[in-house]
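Comments concern the structure below.
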Amino acid sequence: MTSSAPIDPQQKLLPRKVWPSPYRSSSSSVSFGLRHLVLCAAAVVLMFSNDDSNAVAFQALGVMLFVLSGAMFFVTGTDLTLEITPFDTVVLISVPVSYSAAALSQDSYSLMHTTLFLVTYLSAMIIARRTTAEELIMCIRISTIAVLALVAIVFGDTLIAGLMPGQLKRWELREAPFGMHPNLAGFNYGGFIVMAANSGLLKWRYNYLITTAIIGFCLAVMLVASARGGLLAVALTLAVYVSIEILRGQRSTIYLIIIGTAFIILSFFYWDSIVAYAFEMLDLDSKQRGLQSGGTGRFEIWARGIDYISNRSWEIFIGSGLRTAGNMGFPVESSYINLAVESGVFLTAAILISFLSVLARSYRKQGSGSSFHRFAFYTLLFAMFQSIFNRYLIAIGNPFSLMLLVIASKASIKGNQRYGATPENNFTGEHAAAKADAAINKELDTST
């Protein structure tokens with residue numbers, strides 16, 4: 001036997017076909033075990049969190065499954081240390097701030113929710129570091145397919161009826177599947193659309209067909225629910241995507257031009273029908289929700305929310321604790337105002353800066369070829385657009401909010417090589433994988 005240089009310990013412990021998997025974009029080498037299945041189950045269960053009779057039970061079960069998944073990822077990892085990024089630090093600071101505010105206001109519910117949020121976010125950090133980009137996106141894809149399959153089976157007839165024009169009880173049909181409020185439906189199903197559209201890292205057979213089906217199905221649900229905030233956020237995200245593609249001169253620009261031209265031609269012939277259908281489905285001509293309603297009254301309640309914050313005493317600095325915005329007596333329908341109410345203006349500013357920092361970093365990385373950061377960039381961008389109109393940016397009671405925390409935490413990692421699952425650029429990872437394969441092949445050759 002010819003002597004050779006020793007192999008890295010990590011290469012000895014991992015089979016050849018598994019070693020490169022954290023870097024390669026081929027999903028054929030991505031593992032899927034019980035911990036991944038539990039993560040998918042958590043997302044599916046949380047879709048029932050607005051059920052009239054069992055909302056609390058489903059929320060508790062969904063969060064428990066998510067925490068269990070995090071624990072399973074933690075104990076199966078070889079490195080038990082966790083890198084805490086500046087984004088994680090800012091989010092975690094909200095916990096002692098919330099404890100302090102809740103203690104001062106003697107709000108026991110906020111204390112309980114803050115503890116639950118801490119455990120859940122720690123689990124999100126673990127999942128972000130113990131999964132590869134492919135594994136995380138695969139779990140999201142499987143969860144989305146499972147949710148939409150349930151929607152098709154249970155609510156298929158209602159969905160088809162809701163899409164038909166001329167319905168006399170259009171308002172009753174606005175409720176999304178599983179009793180989900182239209183605002184929350186826009187956040188979740190809109191998030192599913194953006195995540196599916198940017199899941200190019202998956203190399204499944206018929207992936208484009210599956211992606212198209214997911215986008216079409218989610219759009220149908222949002223349209224029936226008249227989730228206008230979600231639809232607007234999707235449209236704004238799409239506008240940013242088109243602008244970036246055109247400015248960079250990508251090959252997809254020609255396809256965008258073709259699709260845009262086709263849409264313009266169709267609109268020319270069917271403009272009246274399209275406008276009439278949109279007005280009916282989105283209630284654009286109603287007094288309560290129409291174009292003259294001031295964003296369905298949001299402009300007025302946003303002003304009330306800002307006035308409420310400015311008239312507080314010590315709460316203006318540290319807030320009144322997590323999950324206390326409901327004590328205002330009126331909804332503000334904006335994540336940014338909710339954050340200021342619950343965590344104070346300074347921490348709210350820090351959270352927004354942290355999100356924008358991760359967004360900017362993801363933009364730079366996706367421009368260099370990282371498929372994961374492209375996925376993260378558009379997902380975070382949609383969430384920040386949507387959060388102008390709704391209050392779910394920092395939350396744990398619905399699947400998209402939970403996945404958003406995992407994605408943001410993962411995207412904030414600097415790429416420390418201690419973690420096998422880091423969202424490095426694809427081309428960098430492929431070089432690392434090639435070197436690993438070459439080292440193993442050399443050892444095998446010299447050993448025979």
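Please read all numbers here as calculations on a predicted model, not as lab measurements.
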Is it the case that more than 12 heavy atoms not belonging to [X] sit under 6.0 Å from its [atom1] atom?
X: R141; atom1: CZ; answer: yes
X: D157; atom1: CG; answer: no
X: M64; atom1: CE; answer: no

Which value, rounded to the nearest 0.5 Å, describes the distance between [X] atom [atom1] and [Y] atom [atom2]?
X: I93; Y: D88; atom1: CD1; atom2: CG; value: 11.0 Å
X: F217; Y: T144; atom1: CZ; atom2: OG1; value: 12.0 Å
X: C40; Y: R35; atom1: SG; atom2: CZ; value: 12.0 Å
X: S69; Y: L402; atom1: OG; atom2: CG; value: 10.5 Å
X: T212; Y: N207; atom1: OG1; atom2: CG; value: 9.0 Å
X: S105; Y: N327; atom1: OG; atom2: CG; value: 8.5 Å

Please state whether the rings of [X] and [Y] are parallel, tilted or perpendicular, taking 30° and 60° as the class boundaries.
X: F178; Y: F48; result: tilted
X: F382; Y: F400; result: perpendicular
X: F377; Y: Y363; result: tilted
X: Y121; Y: F117; result: parallel

Who passes side chain to side chain contact (heavy atoms under 4.5 Å, CB included) against R364, sequence neighbours left out?
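R364: side chain to side chain contact (heavy atoms under 4.5 Å, CB included) contacts with A360, R361.
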Tell me, please, which residues at least two apart from L232 pass side chain to side chain contact (heavy atoms under 4.5 Å, CB included).
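Counting only residues at least two positions away or on another chain, L232 forms a side chain to side chain contact (heavy atoms under 4.5 Å, CB included) with L236, F389.
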May I have the step-by-step check of side chain to side chain contact (heavy atoms under 4.5 Å, CB included) for R298 and N390, ending in yes or no?
CA-CA 10 Å; R298 277 180 172 80; N390 291 305; 3.3 Å; yes
Tell me, with the steps shown, if V95 and T115 meet side chain to side chain contact (heavy atoms under 4.5 Å, CB included).
CA-CA 8 Å; V95 173; T115 303; over 6 Å; no
N338 and S335: side chain donor to acceptor below 3.5 Å:
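S335 and N338 do not have a side-chain donor-acceptor pair below 3.5 Å.
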If we ignore angles and hydrogens, is there a donor and acceptor under 3.5 Å between the side chains of S108 and Q106?
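Judged by distance alone, the side chains do not pair up.
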Tell me the ring-ring contact (aromatic ring centres under 6.0 Å, His included) pairs involving residues 82-113, sequence neighbours left out?
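Passing the test, one end in residues 82-113: F87-F355.
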Less than 4.5 Å apart, side chain to side chain, heavy atoms only: is that true for V194 and F385?
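Result no, sub-4.5 Å side-chain heavy-atom pair not found.
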Flag side-chain contact, heavy atom, 4.5 Å: M195 against I407
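A side-chain contact under 4.5 Å exists here.
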Worked verdict on N398 versus S401 for side-chain hydrogen bond (donor to acceptor under 3.5 Å, both in side chains)
CA-CA 6 Å; N398 68 85; S401 289; 2.9 Å; yes
Evaluate side chain to side chain contact (heavy atoms under 4.5 Å, CB included) for I193 paired with T237, printing each intermediate quantity in order.
CA-CA 11 Å; I193 288 173; T237 305; over 6 Å; no
